[in-house]
Amino acid sequence: MDILWIKRFASAVAFLTMAISASAQKYSDGIIDKTIAVVGNEVIMISDLEEEVQMMRAYGMMSDKSGRCELLEEMMSSKLFLMQARLDSIEVNNDMVEGELRNRVDMLRTNLGGDEEVEKQFGKSLYKLRQEWRDAITDQTLTQQMQQEIASKIPDLTPYDVQKYIDETDEADLPVVPIKYQLSQICIYPDREAANLAVKERLLAIRERIINGEKFSTLARIYSQDPGSARKGGELGMASKSIFWPAFSDAAMALKPGVVSQIVETPDGFHIIEVLEKKGDMFNARHILLKPEYTSDDRQKGFHVLDSLRTELANEAVTFSLAARFYSEDPATRTNGGQMADPNTGSTYFEIDQLKPQDYAAIKELKEGDVSEPFESLDNEGRDGNLVYKILKVDKILPAHSATFSNDYTLLLGQAKQELQMKAIDDFIDSKIKSTYIVIDPLFADCDFEREGWYEKIRK
């Protein structure tokens, strides 16, 4: 996948192939529109279902007949929540709706190649599509808020409730807690300033060659370190500016077509850009990306410092915590003695798949208290991370085990509450199916619905 470009998905749309009553009204190019479900005072047309199918395909997901059955069931369930949300006068978060609408439009414009292609795909003006999608997203948001309202009514669980949940659940169905590691690190960075200067000089030389007449596309194929676009001469394709790093999109939008930018720095590296076309807030551009590169001397210097520290640690001349405070160059961990924490959750315990592959490879054979050999890894900056040299200390290992009340209370509490919330939502749907006026077209009589209640609502 391109470094900057969100890859386009297939844009071809296959229309409905089911047999449909010839007595209904056509809605586009030979496709017949009709009511396929009535849920209370809400109506679902076959055109509504097909728009959802088209949306899935625009995102690269296929939908056959069974997929349509699943979609219809989801749409009918959503109508039940939507009706209740309106009865309860739940207010929608308009900022959330507008944000989701922008994301949807920008993604589709990028995937399909511009406003005209979106309009061609859906057979409507973008203005009309925005109106329809705003309404649909509003309904979706109300549905989600209603589900959250139902889930929130589950009372807080007590330790007694959690123990009861454990007692009533088959041991095989209790969560298995995978092996977890608590780690500390000391990080040394290579000379990034020198590497940045060197890559800028290379990029300036390439830019000078383009100014002097060489083709941007040819040099992009040779030098660019964005593999996705390099093989296309650096071309990214028509895309919304919102999907790029702000510095990149700002520079591109300020350029006139055919003009080569000065060097632009983003978390991916350093770029020069040539804009090919601009339409509103979309553009098609070429770029050449170069990333800072480090030498064996950088590695040797970093490893030498870490080797010396490792020797001092082995001789107990200094503690790992103190060494991290004095020598580590990672600002996120040096102040707390090198102890690592998940940036998303704040937890100091890591499962294997939460660790960088390089980090796990360095500690997988170690025991508690062991310190790894120096190795190369990546930090958490930018898209892919920056090169860093480090040593890791294994502070603690929690072996894999079935969740227990004493060791994993929080995990079990969360799972027990989640199951009760899901049951409350399921009970709501089943209850509303029974009490709501619902009619489903026999066209969907052979669908494998998840809930038995729907079958009683199929028109005979």
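Keep in mind the model is a prediction, meaning the values are calculated, not measured. Numbers here are sequence positions counted from 1.
For the residue pair His271 and Asp226, no side-chain donor N or O sits within less than 3.5 Å of a side-chain acceptor on the partner. A side-chain donor-acceptor contact under 3.5 Å links Gln163 and Asp167. Side-chain contact check for Thr348 and Gln182: at least one donor-acceptor pair (N or O, by modelled atom type) lies under 3.5 Å. Counting only N and O atoms by type, the side chains of His287 and Ser224 include no donor and acceptor under 3.5 Å apart. Judged purely by distance below 3.5 Å, without hydrogens or angles, the side chains of Glu351 and Tyr181 never pair a donor atom with an acceptor atom. Residues Lys432 and Gln84 have side chains that bring a donor and an acceptor to within less than 3.5 angstrom of each other. Under the 3.5 Å distance criterion, with hydrogens and angles disregarded, no donor-acceptor pair is assigned to the side chains of Ser321 and Thr319. Ser347 and Asp342 share no donor-acceptor pair across their side chains, judged by distance under 3.5 Å alone. Gln354 and Tyr349 are not linked by any side-chain donor-acceptor pair at a separation below 3.5 angstrom, with hydrogens and angles left out of the test.
A centroid separation of less than 6.0 Å is found between the aromatic rings of Phe244 and Phe283.
Rounding to the nearest 0.5 angstrom, the gap separating the CE atom in Met282 from the CE atom in Met253 is 10.5 Å. Atoms CZ and CD, on Phe320 and Gln339 in that order, are 11.0 Å from each other to the nearest 0.5 Å.
Between the Thr436 side chain and the Gly40 main chain, no donor and acceptor come within less than 3.5 Å of each other. Side chain of Asp88 to backbone of Ala85: no donor-acceptor contact under 3.5 angstrom is found. Although no hydrogens or angles enter the test, the distance criterion places no donor-acceptor pair under 3.5 Å between the side chain of Glu265 and the main chain of Phe270.
Using cut-offs of 30° and 60° on the angle between ring planes, the pair Tyr389 and Phe303 is perpendicular.
The only member of Lys364, Lys393, Lys390 that meets salt bridge (charged side-chain N to carboxylate O under 4.0 Å, His left out) when paired with Asp359 is Lys390.
Annotation: cation-pi pair Arg192/Tyr189 present, NZ/CZ under 6.0 Å from the ring centroid and within 45° of its normal.
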When you look at Leu157 and Leu420, which way does the side-chain contact (heavy atoms from CB on, under 4.5 Å) test go after all the steps?
-> CA-CA 10 Å; Leu157 302 185; Leu420 287 175; 3.7 Å; yes
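At least one side-chain heavy atom of Lys417 sits less than 4.5 Å from a side-chain heavy atom of Gln421.
The side chain to side chain contact (heavy atoms under 4.5 Å, CB included) search around Glu312 returns Ala317, Val318, not counting sequence neighbours.
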